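Step one of this worksheet: look at the structure below.
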Amino acid sequence: MLSDTYNPLEIEEKWQKSWDSDGVFQVHEDREKPKYYLLEMFPYPSGKIHMGHVRNYTIGDVVARYKRMRGFNVLHPMGWDAFGMPAENAAIQNNTHPAAWTYENIDSMRKQLKRLGFSYDWDRELATCTPEYYRWEQWLFIRMFEKGMVYRKESFVNFCDPCQTVLANEQVEDGACWRCGREVRQKKLWQWYFRITDYAQDLLDYCDRLPGWPEKVTTMQKNWIGKSTGARIRFGIEGREDGIDVFTTRPDTVCGASFVCLAPEHPLVTALAAGNTQAPEVEAFLGKMARQERTAKAIETAEKEGVFTGSYAINPVSGGSVPIYAGNFVLMEYGTGAVMGVPAHDQRDFDFAARYGLPRPVVVQPAGEKLDEATMQEAWTGPGTLVNSESFSGMDNVAAQTAIADWLQAKNAGEKAERFRLRDWGISRQRYWGTPIPMIHCDTCGIVPVPEEDLPVRLPEDAGLLANGGSPLGSLASFYEVTCPKCGKKARRDTDTMDTFVESSWYFLRYCSPKEERAIFNREAVAYWMPVDQYIGGVEHAVMHLLYSRYFTRVLEAEGLVDFKEPFTNLLTQGMVCKETTTCKEHGFLYPEEVDFSKDTPICTKCGNPVSIGRVEKMSKSKRNVVDPTLLLDRYGADTTRLFCLFAAPPERDLEWSDTGVEGSFRFLNRVWRLALRYQDVARKAVAYNGELAALSGGDRDVFRKTHQTIKKVAEDVDRFHFNTAISAVMELVNAVFAAGEKGEDIQHAGVARHLIESICLMLSPVVPHFTQEIWAALGGEGALPEKAWPRWREDALQEDSILVVVQVNGKLRDRVTLPADADEESIKAAALAAEGAVRFMEGKEVKKVIVVKGKLVNIVVG
RNA sequence: GCCUGGAUGGCGGAACUGGUAGACGCAAGGGACUUAAAAUCCCUCGGUCGAAAGGCUGUGCGGGUUCGAUUCCCGCUCCAGGCACCA
């Protein structure tokens with residue numbers, strides 16, 4: 001029996017316990033059933049779940065439960081992306097240990113997720129900060145090192161001298177340290193890199209073989225990899241034996257080069273300036289560059305500037321001499337770290353030449369136009385015929401690209417070349433809370449990996465964090481003092497940790513056998529479960545995380561550990577949950593509960609100062625524009641919270657949070673509850689009707705038809721992840737039943753009533769599992785609802801008796817006619833031409849054309 | 001700056017392959033029930049003209065293709081995400 005009122009908190013706890021003790025969501029490899037691996041991006045354990053998590057995991061849970069009802073053996077795991085900077089920041093702020101802080105957060109977040117009733121197999125839970133997890137990451141790192149997939153090189157980091165610490169890009173605000181506010185400089189450090197560029201071509205090729213991914217994501221990845229074809233051209237240097245290799249996509253314009261520009265870090269810059277009058281200026285420029293932020297955004301928005309090195313380069317085709325500059329718009333990591341400047345045919349070069357008064361010779365003349373160096377307002381980047389280009393003059397510029405590259409190759413001064421924008425993946429972090437890099441530096445033997453039997457290299461738990469945010473590992477002798485595994489002499493352990501993207505690049509494999517102690521994963525388990533059938537997570541991960549995971553899978557494939565290259569067959573990128581930010585002058589970003597919105601101007605509850613309302617942005621802990629779902633859980637329960645998240649917007653769309661509307665979802669559940677109450681007595685004794693529609697009449701017929709139509713619609717909508725419209729469809733069904741009752745056409749047939757309530761329970765069970773289970777049980781339904789089969793619909797029960805045809809005249813709606821469902825085209829046309837509303841607009845005009853869309857619309861064209 | 005998306009009533013959204021724009025829900029207004037309130041139920045609800053019937057207009061802006069465009073094409077504007085050390 002159902003209680004008179006819907007009491008979510010009681011019901012939810014009861015069924016969660018019941019499912020838990022029955023092990024309903026535990027899964028094992030089962031060859032009898034088709035497998036389905038559903039994965040949601042695991043969370044960083046920040047302490048509290050936020051609406052973004054609730055949304056992401058609700059979407060995943062609905063799909064997991066739906067697939068299970070459709071007969072799949074569903075793997076649906078959850079865990080924690082537990083290493084990362086916030087733990088260190090919190091540790092400094094609250095004087096706790098990152099580990100203690102992290103594990104506490106995991107405990108409280110696990111509780112919250114459990115309250116939401118997600119169908120996870122909690123036996124598979126993992127946390128990346130445990131030695132059981134990261135030892136396999138270290139093991140893999142060493143294998144990659146042995147295969148040459150890992151190397152070291154010098155590169156720059158943001159460094160704050162007063163704090164003596166490396167800063168993340170996020171920790172640099174307008175070129176200054178977030179902690180002390182002083183200017184940040186670029187410091188060179190030796191760092192570890194993964195050779196992801198080895199796979200650039202393969203990662204690119206497979207972007208077109210991922211039909212289950214949104215095209216926008218593969219497009220973004222293609223652009224990120226950024227393949228370009230062109231040529232490497234070697235310019236000579238006056239007075240020197242060596243030369244400068246430039247990469248260009250426009251070898252056809254080589255004779256139009258009026259300068260060569262090097263990246264500031266290019267090794268030749270100081271060498272070329274040495275001993276000439278430009279030396280001091282070059283030095284000043286490099287000093288300035290060392291203070292400039294190195295994010296792509298900063299580089300590309302900064303004004304193009306450069307400095308003459310005092311040396312000249314020799315054009316290998318024209319033999320001309322051009323000045324060599326160093327410039328802030330040339331990236332050392334891309335191409336060769338040097339470009340040739342062709343102002344007439346490249347806008348960036350045009351701007352640079354304008355600033356430094358460099359000539360801009362025209363070498364490509366477009367058809368029907370005459371470019372003139374003196375009067376050009378912008379670069380010409382289109383096609384044309386080569387001029388002033390030695391023996392290549394008169395040639396079509398596209399043909400010349402190959403011709404010039406071939407010519408250069410013959411002269412040993414260049415060749416055709418491909419370049420990728422993608423750079424190798426730098427993974428060294430000068431931080432504490434991460435996976436220790438399992439390497440030892442020995443003065444005698446060089447770099448030696450930690451022997452496998454010594455893994456894991458554990459993070460020392462007694463390390464006290466430094467107030468400035470620096471890693472304690474570098475000054476913790478008990479950690480770094482080791483003996484060399486090769487020669488036994490004193491050596492130093494690597495004190496850097498890995499980028500946390502490394503952990504998330506293979507966790508999906510570990511879920512298949514999370515407790516495996518002898519290997520990174522159990523190969524049979526991985527062979528059964530992988531690849532992930534459906535991966536769900538925020539769009540913000542469209543490039544980096546997903547690309548790194550694809551790369552890791554390739555590395556493992558090359559190692560022979562897995563036999564597939566792509567980890568995720570289908571991808572759903574959900575939109576972000578956004579909210580406006582609130583800032584107080586004194587206290588910075590404020591949580592919504594720290595703002596008093598009751599006055600005309602919002603007030604900071606800490607100091608009483610007015611609060612300024614900022615842009616609507618992705619909810620994030622650092623911006624504090626987060627909504628705490630526990631408030632909703634306490635008030636409405638998990639089912640209403642889940643229902644609202646799905647109903648508010650389709651998954652791929654961003655969701656601007658508003659508190660209103662949750663009430664409506666709660667109201668809907670209460671409405672369904674009352675519907676169940678109304679029919680429970682008759683339905684409990686009945687068997688669900690499963691006969692022909694034709695055998696029913698009146699309200700029974702309408703309700704039965706509407707129920708089947710709804711079953712069909714909901715299945716179709718869930719299949720394409722349109723949960724909001726699926727829910728709307730059930731709302732319409734419920735409304736129709738109530739409306740029929742109002743009209744005196746209430747359900748008479750007990751079997752139809754039972755079929756209705758059962759169908760609603762089954763259809764809504766992935767969304768509101770506790771609620772539907774309670775009603776199901778009240779009808780006398782046995783067992784766990786999540787284990788039942790998805791309802792089927794009868795084709796004969798979908799048939800309407802009549803159709804509504806819209807009548808347009810010249811594309812404007814003029815009338816509607818109702819016709820028998822089997823009306824043929826001729827009778828539809830005749831009815832439309834006779835429709836009163838249409839006739840008025842046809843008077844005195846000639847009917848030129850009649851377009852009939854069968855069963856839907858007639859458009860009469862008159863003139 | 002570059003790459004990728006998005007924009008529809010007061011609000012969230014719907015319209016699946018070009019075919020009734022605004023389903024479903026929120027908010028608002030009116031009514032019923034109630035001593036009253038809550039809950040519930042019913043009605044109205046893009047703008048504009050009109051007493052009504054009905055007309056005109058309307059999917060960020062400007063063009064185009066089409067019998068017909070929220071949907072396709074071209075050119076913009078604004079917003080969001082990513083840009084390699086936030087995750």
Side-chain angles (χ1 to χ4, degrees), chain A residues 5 41 43-44 46 81 83-86 157-158 166-172 214-217 219-220 222-224 226 294-302 329 333 348 421-431 499-501 504 538-545 547-548 573 575-576 578 615-618 620-622 644 647-650 652-656 658 660-665 667-668 670-671 674 716-717 720 722 724-725 727-732 735 738 742 804-813 816 837 840 848-851 853 856-863:
Chain A
T5 55
M41 291 177 184
Y44 177 79
S46 56
D81 187 12
F83 275 138
M85 256 189 350
V157 292
N158 301 312
V166 176
L167 299 174
N169 286 339
E170 193 194 41
Q171 298 173 317
V172 181
E215 205 179 294
K216 65 170 172 180
V217 175
T219 305
M220 277 190 262
K222 284 184 206 171
N223 290 335
W224 183 266
R294 273 191 153 56
T295 59
K297 192 181 169 182
I299 289 167
E300 280 164 56
T301 8
F329 62 98
E333 293 90 348
R348 198 176 50 182
R421 204 187 72 99
L422 180 70
R423 310 202 294 258
D424 276 337
W425 176 11
I427 58 140
S428 294
R429 296 291 180 271
Q430 296 70 41
R431 295 189 212 298
D499 179 4
T500 57
F501 270 122
S504 54
V539 250
E540 66 269 32
H541 295 292
V543 175
M544 304 188 66
H545 160 61
L547 195 66
Y548 292 151
T573 48
M576 278 152 300
C578 301
R615 312 186 285 137
V616 172
E617 304 179 63
K618 171 176 88 160
S620 74
K621 204 167 155 72
S622 58
F644 178 67
F647 184 63
E652 63 285 357
R653 191 118 136 194
D654 284 351
L655 178 62
E656 188 182 331
S658 81
T660 60
V662 187
E663 192 74 39
S665 296
R667 234 164 6 217
F668 169 65
N670 277 286
R671 214 163 136 79
R674 284 194 301 277
E716 284 169 355
D717 283 351
R720 54 187 187 127
H722 286 211
N724 54 336
T725 53
I727 293 163
S728 295
V730 181
M731 286 174 169
E732 281 187 65
N735 289 349
F738 276 113
E742 288 295 317
L804 182 72
V805 175
V806 166
V807 185
Q808 297 182 335
V809 178
N810 284 349
K812 287 195 178 178
L813 175 71
R816 299 175 170 88
R840 294 198 296 137
K848 289 190 167 166
K849 201 175 182 184
V850 180
I851 289 146
V853 180
K856 265 196 173 164
L857 167 146
V858 177
N859 188 12
I860 303 160
V861 185
V862 298

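From a predicted model like this one, the values you see are computed outputs, not experimental measurements. A note on names: the letters A, B, ... follow the listed sequences, proteins ahead of strands, and every chain is numbered from 1.
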Assuming nearest nucleotide by heavy-atom distance, tell me which of A:M220 and A:E656 is located more 5' along RNA chain B. A:M220

To the nearest angstrom, the CZ-P distance between A:R667 and B:A27 comes to 5 Å

Watson-Crick or G-U wobble partner for B:G68, using a 3.5 Å limit on both distances? none

Please answer whether the main-chain N or O of A:I851 pairs with a side-chain N or O of A:N859 as donor and acceptor at a distance below 3.5 Å. no

Interatomic distance, A:T573 atom OG1 to A:H541 atom NE2 [nearest 0.5 angstrom]: 11.5 Å

B:C41 -> Watson-Crick or G-U wobble partner, both distances under 3.5 Å, gives B:G31

Taking atom P in both B:G62 and B:U77, what distance in whole Å separates the two? 15 Å

What interatomic distance, in whole Å, is found between P of B:A80 and the corresponding atom of B:G12? 15 Å

My understanding is that a pair needs two contacts under 3.5 Å, Watson-Crick or G-U wobble. By that rule, which nucleotide pairs with B:C76? B:G60

Using the P atom in both, what is the distance from B:G9 to B:G47, to the nearest Å? 12 Å

With syn meaning chi within 90° of zero and anything else anti, the base of B:G10 is anti

Length of the CZ-C1' vector between A:F738 and B:C41, whole Å: 10 Å

C1' atom, B:U8 versus B:C61: distance in rounded Å? 15 Å

Integer-rounded Å distance: B:G13 C1' and A:E652 CD: 12 Å

Mind checking who B:G1 pairs with, Watson-Crick or G-U wobble, both distances under 3.5 Å? B:C83

Please answer whether the main-chain N or O of A:W224 pairs with a side-chain N or O of A:R421 as donor and acceptor at a distance below 3.5 Å. yes

Could you work out the separation of B:U66 and B:C56 based on their P atoms and round it to a whole Å? 23 Å

Rounded to whole Å, how long is the line connecting atom CG of A:N810 with atom P of B:C56? 12 Å

According to the interplanar angle, ranging from 0 to 90°, do the rings of A:F501 and A:Y548 count as parallel (below 30°), tilted (30 to 60°) or perpendicular (above 60°)? perpendicular

Opposite nucleotide pairing with B:A53, Watson-Crick or G-U, both atom distances under 3.5 Å: none

Please state how far atom CG in A:D654 lies from atom P in B:C79, giving the value in whole angstrom units. 15 Å

Given the P atoms of B:G60 and B:A21, what is the spacing between them in whole Å? 16 Å

Give me the distance, rounded to whole Å, that separates B:C73 from B:U17 when you measure between the P atoms they each carry. 14 Å

Working to the nearest 0.5 Å, report the span between CZ of A:F329 and CZ of A:R348. 5.5 Å

Nearest-Å distance once atom P is located in both B:U40 and B:C26: 10 Å

Which whole-number value in Å describes the distance from A:I860 CD1 to B:G68 P? 15 Å

